[in-house]
Amino acid sequence: MKMEELSVSSLDNSKLEALAQDILSDLVEDACLGLCFEVHRAVKQGYFFLDDTDQESMRDFEIVDQPGLDVFGQVYNQWKNKECVCPNCSRSIAASRFAPHLEKCLGMGRNSSRIANRRIVTGNNTNNKSESDQEDNDDVNDNDWSYGAEKKAKKRKSDKVLLFSPCINVFIVFIYKTSAV
Amino acid sequence: MNKEARLKASINQKLTETGERDRLKELLRAKLTECGWKDQMKAQCKEVIKEKGLEHVTVEDLVVEVTPKGRALVPDSVKKELLQRIRGFLSQHAS
């Protein structure tokens with residue numbers, strides 16, 4: 001790209017050199033300002049003098065390397081075997097089963113509306129005796145809500161692909177109705 | 001005079017547009033850290049902070065006290081290297 005009026009030939013080297021010095025000066029100034037901002041922020045955020053801590057206090061923050069502890073010295077698996085009380089049904093549930101239980105119990109989450117639909121259908125088809133057993137099945141097998149639905153479980157395998165979309169719920173209801181003997 | 005000013009403005013624009021200015025900034029920062037300038041400057045800043053008090057120091061305080069020293073403390077080798085690159089850019093784009 002040529003700048004006709006502003007070509008090098010009309011300027012001597014000293015002017016170019018002065019220009020280069022100017023540019024350098026700008027860059028250095030920029031670097032200094034950057035440093036000032038960095039330092040000021042460190043001061044205001046409180047981490048500027050962090051590396052001046054004495055040796056004694058440094059030992060409090062050394063990395064912990066013991067089995068069963070994380071690098072901060074905290075025990076990390078103490079909640080594995082705890083039991084939680086469900087706020088909804090007031091039952092005591094194991095910690096690892098708590099989240100899925102809450103999903104069903106509160107009626108939220110991906111599967112609970114499908115399961116609720118299935119319950120309505122099988123509740124209509126089978127008699128009410130099996131419904132009282134439903135609650136106990138919760139922790140054993142979360143996908144089956146009643147004994148009455150066990151026969152349907154085998155047929156359900158072929159329908160498994162369809163179960164992933166909530167809008168197919170209506171479709172499933174029709175399938176069960178036609179396959180009920 | 002006018003021609004010079006226009007040349008300077010156009011060069012500065014070129015520097016920004018081609019990204020060369022950012023590259024030069026990065027290069028300068030890296031070189032200054034490498035040669036210990038940054039640590040020297042941090043020590044200077046500590047002085048200013050101790051003087052003005054940790055709670056009350058402002059950006060202005062730091063800039064005013066520290067920038068002149070900063071300019072003076074840049075090593076010659078760093079200056080030379082940067083100037084070389086700048087001259088190269090000028091000869092490429094000012095002809």
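In what follows, every chain begins at residue 1, and chains take the letters A, B, ... in the order their sequences are listed.
Contacts between B:Lys69 and chain A at a heavy-atom distance below 4.5 Å are absent for every atom of the residue. Using a 4.5 Å cut-off between heavy atoms, A:Leu24 contacts chain B through both its backbone and its side chain. If you measure heavy-atom distances from A:Leu27 to chain B, the contacts under 4.5 Å come from both the backbone and the side chain.
Side chain of A:Lys44 to backbone of B:Thr58: no donor-acceptor contact under 3.5 angstrom is found.
In this structure, A:Glu38 and B:Lys38 have side chains that are in contact, with non-hydrogen atoms separated by less than 4.5 Å. With a 4.5 Å cut-off on side-chain heavy atoms, B:Lys8 and A:Leu19 count as touching. Within the 4.5 Å cutoff, the side chain of B:Arg29 has no heavy atoms near those of the A:Leu35 side chain. Counting heavy atoms from C-beta outward, A:Val43 and B:Leu54 have side chains that approach closer than 4.5 Å. When side chains are defined from C-beta on, B:Ile11 counts as touching A:Ile23, because their heavy atoms get closer than 4.5 Å.
For chain B, the option among A:Ala31, A:Cys32, A:Ser25 with the highest count of heavy-atom pairs below 4.5 Å is A:Cys32. Note on B:Leu28, B:Asn12, B:Leu82: by heavy-atom pairs under 4.5 Å with chain A, the leading option is B:Leu28.
A continuous path of hydrophobic side-chain contacts links A:Phe72 to A:Ile63 [ILVMFWY only; heavy atoms under 4.5 Å]. Residues A:Leu106 and A:Phe98 are members of one and the same hydrophobic cluster, defined by side-chain heavy-atom contacts under 4.5 angstrom among Ile, Leu, Val, Met, Phe, Trp and Tyr. Side-chain heavy atoms closer than 4.5 Å link hydrophobic residues (I, L, V, M, F, W, Y) into clusters, and following such links, possibly through other members, connects B:Val48 to A:Phe49. Residues B:Val63 and B:Ile49 do not share a hydrophobic cluster, clusters being chains of Ile/Leu/Val/Met/Phe/Trp/Tyr side chains in contact below 4.5 Å. By the criterion of side-chain heavy atoms lying less than 4.5 angstrom apart, applied directly or through intervening Ile, Leu, Val, Met, Phe, Trp or Tyr residues, B:Leu62 is not grouped with A:Leu33; the two fall into different hydrophobic clusters.
Within a 6.0 Å radius of CZ in B:Arg71, more than 12 heavy atoms belonging to other residues, nucleotides or ligands are found. The environment of A:Asp65 atom CG is sparse: at most 12 non-hydrogen atoms of other residues, nucleotides or ligands sit within 6.0 angstrom. In A:Glu56, the CD atom is not crowded: 12 or fewer heavy atoms of neighbouring residues, nucleotides or ligands sit closer than 6.0 Å.
Closest approach of A:Phe48 and B:Lys42 over heavy atoms only: CZ-O, 4.1 Å. Closest of all the heavy-atom pairs between A:His40 and B:Val57 is NE2-O, 3.5 Å. Pairing each heavy atom of B:Val66 with each of A:Cys36, the nearest pair is CG1-SG, 4.1 Å.
The pair A:Asp26-B:Lys25 fails the salt-bridge criterion, with no side-chain N (NZ, NE, NH1 or NH2) lying under 4.0 Å from an Asp/Glu carboxylate O.
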